[in-house]
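Here the structure is laid out as structure tokens; the discussion comes afterwards.
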Amino acid sequence: MRRLPDRGRVDHDQRVAFSWDGRAVEGLRGDTLASALLASGVLVLGSSVLMSRPRGIVGDGVTDPHAFAQVGAGDRTEPLMRMHEVEAHDGLVAESRLHQGILPTGPDPDRFEKRHAHADVVVAGAGPAGLAAALAAAEQGARVILADDHPQLGGSLLGEELLLDDRPAHEWARHVEDALRAHPDVLVLPRTTVVNVGDQGAVALVERVSEHVAPEHRHGRALRRLWQVRTRELVVATGATERSLVFADNDRPGVMLAGGVRGLLHRYGLVPERCVVFTANDSAYRTAIDLVGAGVEVPCVVDVRPDPTGPLAERARALGIAVRAASAVIGTDGDAEGALAGVRVVALDGGAEEVVACDVLAVSGGWDPLMDLHHHVGGRARWDAERLCFVPDGTVPGVHLAGSAAGVFGTEACRRDGHLVGLVAAEATGHGSAADGPDAPAARDAAEAPPADFVVTPGTDPVHAFVDQHRDVTIAGVERALGSGIRHVEHLKRYTLVGTGTEQGRTAKVNAGRMAADRFALPFAEVGVSNARPPAQPVTFGALAGRALGERFDPVRTTSIHPWHVAHGAVFEDVGQWKRPWYFPQAGEDMDAAVLRECRAVREGVGMMDASTLGKIDVKGADAGEFLDRLYTGVMSTLKPGRARYGVMCKADGMVMDDGVVLRLAEDRFLATTTTGGAAGVLDWMEDFLQTEWPDLDVWLTSVTEQWATVAIVGPKAREVMAALAPQLDVRQDAFKFMQLEEAVVAGIEARVARISFSGELAFEISVPMTWGLALWEAVFAAGQPFGITPYGTESMHVLRAEKGYFIVGQETDGTVTPLDLGLDWMVADKEFVGRRSLRRSDMLRDDRKQLVGILPAERLPEGAQLVDDADFEIPVPMIGHVTSSYDSAALGRPFGLALVRRGRDRIGETIYAPLQHGTVAVEIVDPVLFDQEGARRDG
Amino acid sequence: MFQIRCPYCGPRDEPEFKYGGQAHVAYPADPEALSDEEWARFLFFRDNSKGRYAERWNHAAGCRRWFNVVRDTGTHELVGSYRVGEQPEAAR
Amino acid sequence: MDPNEHALHNAPFLWRSPEPKASYEAVVVGGGLHGLATAYYLAKNHGMTDIAVVERGWIGNGNAVRNTTIIRSNYLWDESAAMYEHALKLWEGWTDELDYEILFSQRGVLNLAHNLHDVRESVRRVEANRLNGVDAEWLDADQVREFCPIIDVSPDARYPVMGATLQRRAGIARHDAVIFALGRACDALGVDIIQGCEVTGIDVVDGRVTGLQTSKGRIGAGRVGLVAAGRTSLLTAMAGFDVPIQSHPLQALVSEVYEQVLNCVVMSNAVHVYVSQAHKGELVMGAGIDAFNSYAQRGGLHVIEEQMAAGMQLFPHFSRARVLRTWGGIVDVCPDASPIVGLTPVENLYVNCGWGTGGFKATPGSGWVMAHTIATGEPHELNRPFSLTRFETGELIDEHGAAAVAH
Amino acid sequence: MADRTAPLAAMEDRIAAAAFPGAALAAVPFVAQVGIRLDPAGPAAARVAEALGLPLPEANRVSASGGRRALWLGPDEWLVVAADGEERALVGILEDAIGADGAVVDLSANRTGLELSGPLSRDVLATCCSLDLHPRAFGPGRCAQTLVQKAGVLIEQRDADTFLLLVRPSFAAYVAEWLVDGMAGLAADLAAV
Ligand SMILES: Cc1cc2nc3c(=O)[nH]c(=O)nc-3n(C[C@H](O)[C@H](O)[C@H](O)COP(=O)(O)OP(=O)(O)OC[C@H]3O[C@@H](n4cnc5c(N)ncnc54)[C@H](O)[C@@H]3O)c2cc1C
Ligand SMILES: NC(=O)c1ccc[n+]([C@@H]2O[C@H](COP(=O)([O-])OP(=O)(O)OC[C@H]3O[C@@H](n4cnc5c(N)ncnc54)[C@H](O)[C@@H]3O)[C@@H](O)[C@H]2O)c1
Ligand SMILES: Cc1cc2nc3c(=O)[nH]c(=O)nc-3n(C[C@H](O)[C@H](O)[C@H](O)COP(=O)(O)O)c2cc1C
Ligand SMILES: [Zn+2]
């Protein structure tokens, strides 16, 4: 196409240089990639997906079925960018790839941001309707966000030559924009697409923040920003899109949408040499008129209607444009490259084909209100047989449609509609009254003649006439599908792929549906089109992820002692969001060696562990004991102040949910501890029962998990270390018994000390405010030096507890294990507690349930290994259980483990087998308590 | 993403809340008196109706209160919220 | 050349659209994949031809067109493994048997493990699978990288990949093609597929089903199978009993079309990702379930945002891939995440539901056992454990805890 | 004897460096915080108000007097905030006032502070928090428990442009990370215009 020096909204003095398919190309500031290529004579963009036919630019908007390119270089390369949206700039690199893009191979160097915002009214689209709506709502005092996907506001006003109030319409747009920007509570967002509408006014927008400048000029700015807006009302003023007509070789580069051709002229000053117009409605006459006004030759307007007599047709005739009524384009001819050279026109009542030479054919099949955002929240549409388009069928609460999106087609009518809708939306948010609001501007648009119901030129070659150009679906393809018995457009879509392309078939779907209606002899209103889904325009994964990458993806929780662990070479284990020291390898040690050393230290000397991640819940009130009795399987109310008791909780289905030690701090106060991963869930669970089932109980719950850091000193020498740390504390066995707690000053810090043991060894757990945790830890470490105190991690903790047969929630249990299965009969008290009833269901009473046992395998087994009865078996073989824990024991000098085994407790002493891939291992079933069965060691 | 009105804190975004399923299902007063079938109904069976539905939410990231909401499961319309102990008619 | 010869679907005829007869020997309610497969096997395995599938919309319009098409059989519990493995074996023959290209591609499914707990449970599942005759392997992080080079397995990732289970026989199929294939196969066997026919009432006389009230009038039926996924509760309410399912939105999405970069299916429980690249080149990803009950076939965008952030952990270079389309299905979730297939309190009325987020893979197996149940009035050995009564006894098949993501 | 450690000690430099003409961030490592639970209709409410010398505020509000502030957390829950070191005295006063009619818990180590100030502080929060902070909806003397991304926070608006965020120490680095990153983005925007 040719550039007119004095037309368009581009800066004719500012050239930009970029690369297309490796070639240097120039454009003007204000060009898009599409317009710059057209201006540079690039007509053929590439070839089609299935049939390898040459394809070119079809429109001037994002519904264009071909205008996609691979843009950017290296890790910034982005597939299938909308060429009409990509702003030409120096250094832009683009490549022809219309249908299948290439993903970069490295991480994204650019930044994608998110921003939350709140509004009374969000207006999507800044054409006459959206601008008027935003202004009306803003003047009523509402908080308004106006978003439009173009760099400049004005919508179709920028692609037309129109007057509003006898002024050029784009000047009116500028004036409104200025007025809006002057409002403190209005946010104007150009280059911003409203992509998703959710419930209760959750609206997502994607702003192209720095995409239009070369990477080296972005300076840390986001490439794009996803706005997450909560609005009370949404005004959808997204305009309408033009659809095509179907005839042979309608996919040739040069066959364009009439509105697009007009847009290229007014936005970019681009014109064809000789342009034929083919239409079923009045709007395309504007293209003919405007082109002639720009000095372009328009040999004829081919109009399918028998008698086009509207004011626009009259004006065209007055300009000397031939109007060929009751005629249609039946095919096109191409040049050597395959681009358009001429069109073949026929009279609809018969007669010979006539070839008219042209380089552009401007087609208009009609206009489809763009209602995607209304559809996102379940808004319906109905076919309007007069306007020949879908129009909204009622609205969803909080979502309004305005202007062409609502089926209003006159420019002034759109502005008036927008104004009225803006007032209604503002009123709905308590701002002003629509009835008493400022008067709506008049709508004096010239009347248009009715459009014709026309899709396919009769007699055209079905094999080369395209319904969905992006997916290469032809009339023949649609016919084949319909011939196979398909009776529904959703099946038609899935059989032919109509409407499933990158642009979601926005120019194609209505035509496909109308062809189906024809074929079934059904009213199109019944047949409809395949549905629309979010997003309104595709959104990159990166934009949806935003800044939730790396350490911002998910919190990494650490205790106040963590820096010490890091400094001392700990290897960490993820437990929920927490990082816990897994083991502390010394030089040259692997994990097994480190764990053996740590365990030995605890059994023979003294070890120390950071137990701060355990959940802690302060339970206060006169009924605190009663409350805990109802939740734990055991009895807590009989506990004496200053004493602690171990407890297990079940879900209502009787399965073990969590466990921990409960300490009675005072007559009316308990501290319940939970597993690290279970902390939040247990508190929620407790609050649930307290608030909804037993609101009459005098109990108050407070999470104090992070108030307290806890250091455990464990091993035969723990008492000496404790004594050194807290000289005033009487640590002798008689004074400080197992499951007792004391307030004490430890290393100068006020602390709570409890004798709790998860290893079977003598142990003291010291708790201090979290901010004192590291100080305490360092003091313990220092005080323990004479005794060779050894920090240990979760792995050693697991080995030590397993030697004692203690289970771990989530390791020995998986939501299918009851306290009885774990052998905790002694803890299931004879009183009501949540889940108790479930333990009486027939399946729970079966005598072949899986039970927790100890195992002594011939070699160390992988955790998760399955167990079978016989060494000789054939697959499939019944499994009688599995290994839940498996370690090498320093204390036992051999591998051992825990397992859930069918009828396991009755089978102690028997041998079963673990069939591993390299061979089957014999496993002896033993009592789960393998070390210090008498429990002598816990008192030191 | 819903915006849910906490009866105590006001309207907040859905991620602040935890869903609790059907409202007004009390833990049986005397579980031991129930047959296996009756107990199973309490454990596992909840209304799954289309239309207005009374359900529980917990304002987990806010005031930690459990409360009830009437919501249309067909359209996602949130009719209103009300406190524990109140009946669905109180939803606003 | 006819351009549409490239098209995937190439059957000259699919199915008739008959009006319903006054009555049928058996009627299957729900024209999803399970309903169609049920009808297909009723006709094929049990010789019943006086049968109809009634579908309120168009066949497939439920979860059939909405699922991410992952097919695998590596479930933990014996009952599940048996059911899904039976299905997988049938999948392996379906393209030939149905004479329709359903693009079943056994490209392998990786279930990633990100922490010690995952590793333990993964090994447990692999071992159980092996002993149940289901192919399964445990890969360490290096082997994962070798198998699927584009996964970020760096050890300092927020959720490092510590290994994965691999089922090589697992993969994906083209869900749309399966609908067309089954619809055609049913029709060819004489099954009436009645679309646009919503069941609005169930006639029960003396505890026995006699027919259905529908938007196309009454249809008499000797036996009825309810195979309506997320809408099952609405149907069983018509027959006077409940099923313990809750219907939730489950969302999924596709990207635009890219050159192939992902050679297998990747799933991760801990970071909530499951992704594959379909034949045309679009990435297909599933999001997490929305917490609440809903029949609206849509969920919240925040669920998808979370999903994308998780996806970027594993595939940092998907940053410039674009979400083309998102949608939601209504999944029927059972308390134990296992289906209910079998008898109901009403005689001659059978139910098949509760497949939740993972029933696509079960399609042939589900149809097989449901057809057996309807035809014989007794559950097949494979679905006997999946009874409605298990909730009373507590004999659940709890696939939550241990079975990785259920898709 | 070693001293207490500030939860965000390791991030101090990054927090300071995040400042730009629109906003600045500072850690407030130690804040005396005491949790109160009581029935506002019961007898303890008035006793507590008197003992503290300030009323227990209504929903989403803060009441302040003499260096102490009471922040509403829920219908029967408040957090009394004061200068570091006052927690012991506060617990004493409050326990006396409440007696058996509620609960008092020292939570001074359970949360740590981050102060965000400057004309763009609202925008910084908007990068990671969905709460509506517009003057029509929020303002000095208001507080709310909400989320910064996935982490719970208690936000108090101190004056026209200053917010105090109280967060669990294990989430503090994560929250700070989000704020610092949001500030970087806004700083880049500011530099570009
Ligand atoms: C997003 C998403 C991703 C998924 N991903 C996977 C996956 O990767 N792998 C996997 O194995 N599974 C997956 N699933 C699950 C899988 O899709 C379902 O389990 C499976 O499709 C269920 O099949 P169905 O035939 O029972 O249900 P549907 O296909 O939903 O069929 C039920 C049919 O019943 C009809 N019906 C309902 N009520 C009536 C009535 N009153 N009258 C007449 N007809 C009625 C419905 O219209 C519908 O067509 C996914 C599901 C979703 C939503
Ligand atoms: N028959 C006809 O002649 C005919 C038909 C249709 C439209 N029109 C003319 O078009 C104009 C319609 O005015 P209007 O205000 O309704 O629409 P408009 O087309 O002028 O403006 C809509 C704006 O919204 C933008 N947009 C679309 N989707 C968006 C999204 N999701 N997010 C952000 N922005 C989005 C568009 O790019 C455009 O800039 C009138 O001038 C009318 O006369 C004429
Ligand atoms: C595996 C798979 C691949 C898909 N590929 C595409 C695609 O390439 N283009 C497209 O528009 N939609 C694609 N879809 C989505 C469907 O268009 C549609 O959204 C989905 O079937 C749900 O139906 P609904 O959106 O009509 O409710 C795909 C869906 C699935 C399950
Ligand atoms: Zn609240």
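Each chain gets a letter, A, B and so on, in the order the sequences are listed, and its residues count up from 1.
You'll find the side chain of C/H117 stays beyond 4.5 Å of the side chain of A/Q811, heavy atoms only. The shortest side-chain heavy-atom distance between A/S484 and C/F180 does not fall under the 4.5 Å cut-off. Between A/Q866 and C/R124, some side-chain heavy-atom pair lies under the 4.5 Å cut-off. In this structure the side chain of C/N132 reaches within 4.5 angstrom of the side chain of A/M879, judged on heavy atoms. For the pair C/R322 and A/Q537, the minimum side-chain heavy-atom distance is 4.5 Å or more. Side-chain atoms of A/H491 and C/Q195, non-hydrogen and from C-beta on, do get closer than 4.5 Å to each other. Residues A/P538 and C/V323 form no side-chain contact, since every pair of their non-hydrogen atoms from C-beta on lies 4.5 Å or further apart.
In this structure, chain C has no heavy atom under 4.5 Å from any part of A/L845. The contact between C/Q297 and chain A is made by backbone and side chain atoms together, counting heavy-atom distances below 4.5 Å. Interface residue A/R533: backbone and side-chain heavy atoms are both found under 4.5 Å from chain C. Only the side chain of A/V868 comes within less than 4.5 Å of a heavy atom of chain C; its backbone N, CA, C and O stay farther away. For A/T884, the part lying under 4.5 angstrom from a heavy atom of chain C is the backbone only. C/L14 touches chain A through backbone and side chain together, each having a heavy atom under 4.5 Å away. At a 4.5 Å heavy-atom cutoff, the contact between C/L283 and chain A is made by side-chain atoms alone. For a residue to count as touching a neighbouring chain, one of its non-hydrogen atoms must lie under 4.5 Å from one of that chain's; by this rule C/E259 touches chain A with backbone and side chain alike. If you measure heavy-atom distances from A/N531 to chain C, the contacts under 4.5 Å come from both the backbone and the side chain. For chain C, the nearby parts of A/M81 are the backbone and the side chain; heavy atoms of each come within less than 4.5 Å. Contacts between C/R16 and chain A at a heavy-atom distance below 4.5 Å are absent for every atom of the residue. Neither the backbone nor the side chain of A/S838 comes within contact range of chain C; no heavy atom of the residue lies under 4.5 Å from a heavy atom of that chain. Heavy atoms closer than 4.5 Å to chain C are found nowhere in A/T813, neither backbone nor side chain. Interface remark: A/T105 contributes backbone atoms only to the contact with chain C (heavy atom separation under 4.5 Å). In this structure, the portion of C/D78 lying under 4.5 Å from any heavy atom of chain A is its side chain and not its backbone. For A/Q577, the parts lying near chain C are the backbone and the side chain together; criterion is any non-hydrogen pair under 4.5 Å.
Heavy atoms only, all atoms of each residue included: A/G485 and C/F13 are closest at CA-CE1, 4.1 Å. Heavy atoms only, all atoms of each residue included: A/I875 and C/L131 are closest at CG2-O, 3.8 Å. Nearest heavy-atom pair, A/T540 versus C/S319, reported as atom, atom and distance to 0.1 Å: CB-O, 3.3 Å.
The pair A/D75-C/R320 fails the salt-bridge criterion, with no side-chain N (NZ, NE, NH1 or NH2) lying under 4.0 Å from an Asp/Glu carboxylate O. A salt bridge is absent between A/D843 and C/R390: the closest approach of a Lys/Arg side-chain nitrogen to an acidic carboxylate oxygen does not fall below 4.0 angstrom. C/E305 has a carboxylate O that lies under 4.0 Å from a charged side-chain N of A/K114, or vice versa, which qualifies the two as a salt bridge. A salt bridge is absent between A/R841 and C/E395: the closest approach of a Lys/Arg side-chain nitrogen to an acidic carboxylate oxygen does not fall below 4.0 angstrom. The residues A/R82 and C/E256 are annotated as salt-bridged, a charged nitrogen and a carboxylate oxygen being separated by less than 4.0 angstrom.
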| C/V65/A/R494 under side-chain contact (heavy atoms from CB on, under 4.5 Å): CA gap, chis, key distance, verdict | CA-CA 9 Å; C/V65 295; A/R494 289 168 171 84; 3.4 Å; yes

| query | Passes side-chain contact (heavy atoms from CB on, under 4.5 Å), C/R298 versus A/D199? Steps please. | reply | CA-CA 10 Å; C/R298 62 193 159 81; A/D199 295 305; 2.6 Å; yes

| message | If you apply the rule side-chain contact (heavy atoms from CB on, under 4.5 Å), what do you find for A/D108 with C/F318, and how did you get there? | response | CA-CA 9 Å; A/D108 199 325; C/F318 283 0; over 6 Å; no

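In terms of non-hydrogen atom pairs under 4.5 Å with chain A, the most contact-rich of C/N115, C/V123, C/L116 is C/L116. Most heavy-atom pairs under 4.5 Å with chain C: of the set A/P462, A/G198, A/G106, this distinction falls to A/G106. For the set C/R184, C/Q260, C/K280, the count of heavy-atom pairs under 4.5 angstrom toward chain A peaks at C/K280. In terms of heavy-atom pairs under 4.5 Å with chain A, the best-connected choice from C/G281, C/P316, C/A128 is C/A128. Of all the listed residues (A/E551, A/R471, A/E874, A/M844), the one sharing the greatest number of non-hydrogen pairs under 4.5 Å with chain C is A/R471. Contact count versus chain C (heavy atoms, under 4.5 Å) is highest, among A/P79, A/G654, A/P107, for A/P79.
Neither side chain, A/D574 nor C/Y159, offers a donor N or O lying under 3.5 Å from an acceptor on the other.
Between A/H488 and C/W58, the ring planes are tilted. Angles from 30° to 60° get that label.
For the atom pair CE (C/M308) and CZ (A/F541), the distance works out to 4.5 Å, reported to the nearest 0.5 Å.
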